[in-house]
Every structure is written in C-alpha cells, then in structure tokens.
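What follows is a short report on a single structure.
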Amino acid sequence: MLNRIRLGLVNPAALIEYRRDHVMKAIGYIFFFAVLMGTALFLQVLSFQGMDSSTRQAMRENFVPLETECAIENATVTCDETLRHTFVDFNNARYTVDSHSTLQTSEYQGFTYHFVMHDDMLYMIVLGNIVSEKPIAELHEDVHNLNLNYTEGDENAFFNPFFLALDEELVNTRAFWGSSLIISQIVMNFILFNLFVLLNAFLTRSRMKEVSFKQMYVLMAYAATLLYIILIFHEMITIAYDVSFLILLIILFAAFRQMNRMAMALHRNIHQQ
C-alpha cells in the first residue's frame, strides 16, 4: 500500500504496473482513506465539552414557545394540558415535552435524535426505540425546577439551565452519538471518493476501450491518492481555520492532473504495444 501511495503522489504514471490488482484491494485502498478522513470528526467528538456560542444562538432562534403552561417541578414535568410539543428542532435533534399519560415511542420516528421529557424521565428515542433513559432528578440540578415558559426579555432564565443540562448529557452520551456520526461520515467519505473514481474511470475508459472497466477503476482508485489526502487535510484544517474555496479548487485541480498523467501514460503504453 505504501508504494501505491508514494507513486500516486509523485509518479502516477508508474501505477500502471498495478492495473491487475484485485478490485477488492482497490476498494480497501479507498476505504482506508475514507476512515482516515473521519479522523477530524473523531477528534472533534473526543474533545467535545459543550456547544459553542453560535450553536446556542441558533437553538435560541429555533425555539418554538409552548402555548400552555408547563414546568418541571421537583424533577417531574407538569402541564396544564395534555400535549406533545417540540420546542427545539435543530441539527438532527428534537427536544420535546410530552405530557401524555403514556409515552408513545411510535410518535418519534426517523433517524433523528428525539430527547423527550415525559413525567419524571428524559428519554433518547431513535427510530421509535428508546436508546437511553434517565431520571430528570439525575440531570443538572438547575433543571429540577424550571419553568418551560418564559417571557420575552427573560430568555436566560430558561436557556441557561437548559444548556447546562444539555451539555452535560451530550458529554455523557458522546460515545453513542459520536460513534454514529463518525460511522456515517466514513460511509459518506467512501461514497464521495468512489464517485470521483467511478466518474474518472468511466470518462477515461470511453477513450481507451482496450482497457477493462475493472482495471481502469483500480488504476483511478490509486491515481486519486492526492485527491484523498487534500480532502483529508482540508477536513482537518477547517476545524480551526476557514479555508478559501478558491484555494481548495486550485489544489483539487492539481489532484485531477495527477489522475490525467496516469491516464496519458496508460494511453501511451497501449499504443506502444
């Protein structure tokens, strides 16, 4: 693998000698870089200590006020009327107060994380199934007694305790939601890399019918090494810095030139035989 990485970076024309590799080896090569690209998200999850100010502000702006009086009293939800109200729907997570006598998990479907306060419990529900549950009494003490309604101008009375409890729970459950995010990211990376490889394999083979699509796919999988590495470093750098999209395009253009160099070498190799 190391030799393929080296040639993919400095001498893609020499990759022709690997054109007879098994297609599973090429798929494994792509998957390796897809996993490597997930490292940035892994580091973010590992170092997560709470939401940043921009996320908190966005949640404030997405808040939907309750239309009836509700409060948490002595770590138990009480409402004047029976309701199921989602007060925040943000970033693939929904925060809901449910005052029905029985919790109907079938109401909470999809790949969304549903955080539901019901009676004296907080539930995390995904795809209609309870993933975890915790007594409200075990949450941050500031939410044991909390008015879920607030008057305009006094938002902090609700949001400060809410964010304290939420950050605490997100940190405590990051092994679950973090692993889900990382696995999803790796799968998306693998699909993205494969789209690049398949597109270039299809376009290049349209000019060189003598080469089988399997061999072309294998070669393009190796020739795209610079592309993988650029995207990986871009993912890592953007954690701390904003990277110009124009700079990214210029570097990606250089990566595509590497793939074209391999294609030209293959073309010469075919017509010299």
Side-chain angles (χ1 to χ4, degrees), residues 1-48 91-92 111 113 126-127 131 174-206 208 211-240 243 245 248-266:
M1 177 182 283
L2 290 178
N3 198 44
R4 291 166 178 78
I5 294 174
R6 181 181 64 82
L7 293 176
L9 293 174
V10 300
N11 187 20
L15 289 169
I16 295 173
E17 63 179 285
Y18 296 111
R19 66 183 181 275
R20 292 186 176 84
D21 278 3
H22 195 283
V23 69
M24 291 306 298
K25 184 174 288 188
I27 290 174
Y29 187 84
I30 295 172
F31 185 74
F32 167 76
F33 285 103
V35 172
L36 203 58
M37 191 170 172
T39 303
L41 181 58
F42 173 76
L43 293 175
Q44 284 182 298
V45 171
L46 196 64
S47 61
F48 180 83
N91 202 20
N92 202 41
F111 289 98
Y113 295 96
V126 180
L127 293 171
V131 175
R174 64 183 170 183
F176 173 78
W177 59 260
S179 59
S180 300
L181 284 176
I182 292 166
I183 291 171
S184 299
Q185 180 70 41
I186 290 172
V187 171
M188 292 304 298
N189 295 340
F190 181 71
I191 293 172
L192 173 65
F193 291 162
N194 256 299
L195 287 175
F196 277 116
V197 171
L198 288 168
L199 178 61
N200 278 278
F202 176 79
L203 293 175
T204 306
R205 188 175 180 272
S206 66
M208 286 179 273
V211 182
S212 70
F213 186 81
K214 170 185 169 294
Q215 288 189 1
M216 191 63 74
Y217 174 84
V218 169
L219 288 172
M220 286 299 171
Y222 298 150
T225 301
L226 182 58
L227 173 69
Y228 308 147
I229 292 176
I230 287 170
L231 291 176
I232 290 167
F233 274 103
H234 176 263
E235 192 76 11
M236 291 182 175
I237 292 171
T238 50
I239 294 177
V243 179
F245 184 67
L248 178 62
L249 285 179
I250 293 171
I251 300 175
L252 287 177
F253 176 74
F256 281 114
R257 285 195 63 188
Q258 292 287 80
M259 300 175 79
N260 189 58
R261 284 176 59 192
M262 189 280 301
M264 293 299 294
L266 180 60

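In what follows, residues are counted from 1 in the order of the sequence shown.
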Ring-face cation contact, Y29 with R4, 6.0 Å cut, 45° max: no

So how far is it from [X] [atom1] to [Y] [atom2], rounded to the nearest 0.5 Å?
X: L231; Y: N189; atom1: CG; atom2: CG; value: 8.5 Å
X: T225; Y: M220; atom1: OG1; atom2: CE; value: 12.0 Å
X: K214; Y: R20; atom1: NZ; atom2: CZ; value: 9.5 Å
X: L41; Y: L46; atom1: CG; atom2: CG; value: 11.0 Å
X: M188; Y: L181; atom1: CE; atom2: CG; value: 13.0 Å
X: M37; Y: I229; atom1: CE; atom2: CD1; value: 12.5 Å

Over all heavy atoms of both residues, which pair between [X] and [Y] is shortest? Give the atoms and the distance, please.
X: Q215; Y: R19; answer: CG-O, 3.3 Å
X: T39; Y: L36; answer: OG1-O, 2.7 Å
X: I186; Y: A34; answer: O-CB, 3.8 Å

Working for side-chain contact (heavy atoms from CB on, under 4.5 Å), residues F213 and L198: CA-CA 9 Å; F213 186 81; L198 288 168; 4.0 Å; yes

Test item: Y113 and N91 side chains (from C-beta on) under 4.5 Å apart, heavy atoms: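 The answer is no, as the side chains (C-beta and beyond) never meet within the 4.5 Å cut-off.
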
Y18 side chain near K25 side chain, heavy-atom distance below 4.5 Å: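 They are not in side-chain contact.
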
Distance-only donor-acceptor check, side chains Y217 and N194, under 3.5 Å: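 Yes - a donor-acceptor pair under 3.5 Å links their side chains.
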
Step-by-step side-chain contact (heavy atoms from CB on, under 4.5 Å) determination, F190 to I27: CA-CA 9 Å; F190 181 71; I27 290 174; 3.7 Å; yes

Partner of Y228 under ring-ring contact (aromatic ring centres under 6.0 Å, His included), chosen from F31, F33, F32: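 Only one option passes, and that is F33.
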
